Amino acid sequence: MAKTGDRVRFLNSIGGGIITRIDGKTAYVEDEDGFETPILLKDVVVVLPAGHEAAVKGSKIMFDQKAFDAGRKEEDPAPEKQLQPVVPEKEEPIEETKHGDIPTLMLAFEPENIKNLANTRFTGVLVNDSNYFIEFIFLKRSSLDRGWELIFQGTVNPNELIDLVVLTHEDLPDYGRVALQGVAYKKEKPFSMIPPLNMTRRLDLTKFHKLHCFRESKYFDTPVLEFPLVTSGNAVEQLELTADTFEEGVKNTDAKTLAKELKSKYRVESKDGKSKKDDAKNPYKKLPLIEVDLHIGELTDTLTGMEPKDMLEMQLKEVRDTMKANSKRIGQKIVFIHGKGEGVLRKAVIDLLKKEYPKVELQDASFREYGFGATLVTIH
C-alpha cells in the first residue's frame with residue numbers, strides 16, 4: 001500500500017508525483033510543478049518508495065518493478081477479507097434403530113395433572129417410532145356435515161414425538177373419531193417404499209375419565225392414554241368385542257352375540273357338579289360391567305337426512321336393545337353414557353327405563369369415571 005513520501009504514477013491516466021498526505025482512501029499527489037491532485041489509492045502505483053534515492057542524481061525512475069510488485073501485493077485483500085463461498089449446513093445424520101424400518105405410530109394423550117382427570121387438559125401427541133420421515137395431516141370428524149376437519153399438518157422426524165392438539169373436557173366430544181393420512185420416506189439414502197398412510201380411529205372417550213387407563217409408556221415419563229395407529233407396519237384395526245375388552249363398552253349387540261363372546265371365557269357349575277360353558281343362559285351369573293356410549297357419533301357413520309328426533313330415536317333404540325339383551329341377567333350393571341349437554345338425552349333415557357323397566361335400579365354412575373354424563377342401571 002502506498003504511503004506518504006512515495007513517488008507514484010497514475011494507473012488510468014498520465015501523471016504522477018509524490019504523495020504529500022493521505023486521507024482515508026484518497027492520496028494527494030504533488031507533481032513537479034507543485035500542483036496537488038487528489039486520487040484514489042487504488043489508482044496509483046509506487047515507482048520509488050519513500051527514503052529511496054534515484055540511482056543517478058538528478059534522474060527520475062519512471063518505473064520500479066520491485067516496488068510495483070510490492071505495492072500490488074499490499075493492495076491484494078487479506079485472505080480473511082475475501083468472499084468465501086457459502087456452504088449449506090449439512091443435516092445431522094439420522095440415528096436409525098434396528099426395528100425402525102417397520103414403522104410404529106402411536107397417538108397418545110398426556111394429562112397435565114394425572115391426579116385430577118376430571119378437570120385437567122390433555123395434550124395429543126403423535127409418536128413416530130420408525131426410521132422414516134412422515135409428512136402427515138391429522139383430522140377429526142366434523143359434527144356438521146359428517147366430513148372431516150384439519151387439526152394439524154406437518155412433518156414428524158424419525159424417532160420423534162410431536163404435539164398435535166391440546167384438549168379440554170369440553171373439546172373431547174368432538175374427538176370421538178380421528179384420522180391420519182401421510183407418506184413415509186428417508187432422506188439421502190435408498191429405502192423400502194411404504195404404502196401411503198390412511199387410517200381412521202375411534203377414541204373411547206370414557207377412558208379419559210378412568211385413571212387405570214393411563215399407563216406407563218416407554219415414550220413418556222408420565223402415564224399416558226395410548227391409541228395404536230400402526231404396528232408392525234400395518235394400520236391397527238379397530239378392536240372387536242372380546243371378553244377381555246367387554247368392560248370397555250358393549251354396543252350394537254344382541255343376546256346371541258353376547259353369548260358367543262363369553263361362552264369360551266366363563267364356566268358355570270351344573271346341578272350334577274359338572275362344569276359347562278353356558279353362561280349366556282344363566283341369569284344368575286354376574287357379568288362384567290357393560291358400558292354403552294349413546295353419543296350419536298358412536299352409533300352411526302352418517303347423519304345425512306337425520307333430524308334431531310331421528311337421532312334421539314336411534315339412541316333410545318340402543319337403550320332398548322341393550323336392556324332386552326340383558327333384562328333377565330339378575331344383578332347385571334349397565335352404564336349408559338349420555339353426556340351432560342342440556343340433559344335432553346339423559347331425561348329421555350331415564351323416562352324410558354322407568355316406564356318399560358320399572359324394577360331396575362337407577363342412579364348416577366361414578367362421577368370419578370364419568371363425571372355427570374352417565375347413568376348406572378342395576379337389573380333386579
Side-chain angles (χ1 to χ4, degrees), residues 89-114 117 120-141 148-167 171-172 175-208 210-240 242 244-245 248:
E89 294 185 3
K90 290 186 178 181
E91 294 185 5
E92 294 186 3
I94 300 298
E95 294 185 6
E96 297 192 344
T97 61
K98 293 182 179 180
H99 64 275
D101 282 339
I102 303 178
T104 295
L105 290 180
M106 184 87 65
L107 179 61
F109 290 90
E110 185 176 19
E112 288 185 356
N113 186 354
I114 190 67
L117 292 179
T120 192
R121 299 191 304 173
F122 305 90
T123 300
V125 182
L126 179 64
V127 179
N128 178 19
D129 187 359
S130 79
N131 297 330
Y132 290 85
F133 291 86
I134 299 178
E135 291 190 21
F136 70 96
I137 57 174
F138 178 64
L139 313 162
K140 73 171 183 177
R141 196 65 178 267
W148 295 90
E149 295 181 16
L150 177 65
I151 302 302
F152 189 94
Q153 177 180 3
T155 302
V156 58
N157 295 335
N159 306 304
E160 183 180 69
L161 284 66
I162 184 170
D163 291 349
L164 302 179
V165 65
V166 177
L167 303 178
D171 299 323
L172 285 177
Y175 285 79
R177 177 171 289 188
V178 297
L180 186 139
Q181 295 178 322
V183 291
Y185 60 92
K186 293 184 180 181
K187 293 183 179 180
E188 300 178 353
K189 63 183 305 183
F191 60 91
S192 300
M193 291 185 63
I194 294 177
L197 305 175
N198 185 11
M199 65 202 72
T200 60
R201 177 73 199 238
R202 287 183 183 270
L203 303 184
D204 186 349
L205 302 180
T206 63
K207 291 184 176 181
F208 286 83
K210 301 176 180 179
L211 184 60
H212 69 272
C213 292
F214 290 82
R215 301 174 181 174
E216 293 184 359
S217 168
K218 64 180 180 179
Y219 306 111
F220 296 86
D221 296 328
T222 59
V224 295
L225 181 59
E226 294 182 333
F227 295 96
L229 298 177
V230 175
T231 58
S232 301
N234 299 313
V236 176
E237 297 181 1
Q238 292 294 283
L239 296 176
E240 301 295 334
T242 65
D244 291 335
T245 61
E248 301 300 332

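None of the values given here were measured: they were computed from a predicted structure.
Side chains of Ile137 and Trp148 form no contact here, defined as non-hydrogen atoms less than 4.5 Å apart. Side-chain contact check for Met106 versus Pro228: some heavy-atom pair is nearer than 4.5 Å. Residues Asn159 and Thr97 are in side-chain contact: their nearest non-hydrogen atoms beyond the backbone lie under 4.5 Å apart. Proximity of Tyr175 to Val165: side-chain heavy atoms (C-beta onward) are separated by under 4.5 Å at one or more points. The side-chain heavy atoms of Val178 and Ile151, taken from C-beta on, include no pair separated by under 4.5 Å. Residues Leu180 and Leu126 form a side-chain contact, since some pair of their non-hydrogen atoms from C-beta on lies under 4.5 Å apart. Between Val156 and Leu105 there is no side-chain heavy-atom pair separated by less than 4.5 Å. Counting heavy atoms from C-beta outward, Leu107 and Leu164 have side chains that approach closer than 4.5 Å.
To the nearest 0.5 Å, the span separating CD on Glu216 from CD on Glu226 amounts to 11.0 Å. For the atom pair CG of Leu225 and NZ of Lys210, the computed distance is 10.5 Å after rounding to the nearest 0.5 Å. For the atom pair CD1 of Ile194 and CD1 of Ile102, the computed distance is 9.5 Å after rounding to the nearest 0.5 Å. One distance of note links CZ of Arg177 with CG of Leu139; it measures 13.0 Å at 0.5 Å rounding. The structure places CD of Glu96 at 5.5 Å from CG of Asp101, a figure rounded to the nearest 0.5 Å. In this structure, CZ in Phe133 is found 11.0 Å from CZ in Phe191, a value given to the nearest 0.5 Å.
In terms of heavy atoms, Ser130 sits closest to Thr104 at CB-N, 4.3 Å. In terms of heavy atoms, Phe136 sits closest to Ile162 at CZ-CG2, 4.3 Å. Heavy-atom minimum distance, Ile114 versus Leu211: O-CD1, 3.6 Å.
Partner of Phe109 under the side chain to side chain contact (heavy atoms under 4.5 Å, CB included) criterion, out of Val125, Leu167, Val224: Leu167 alone.
In this structure, Phe122 and Phe208 have perpendicular ring planes: the angle between them is above 60°, well past the 30° mark.
Side-chain N or O atoms of Arg141 include none that pairs as donor or acceptor with a backbone N or O of Ala179 at under 3.5 Å.
Annotation: cation-pi geometry satisfied between Lys186 and Tyr132 (NZ/CZ under 6.0 angstrom from ring centroid, within 45° of ring axis).
Atom CG of Asn113 has more than 12 neighbouring heavy atoms from other residues, nucleotides or ligands inside a 6.0 Å radius.
Residue pairs meeting the salt bridge (charged side-chain N to carboxylate O under 4.0 Å, His left out) criterion with at least one partner in residues 149-165, sequence neighbours excluded, are Lys140-Glu149.
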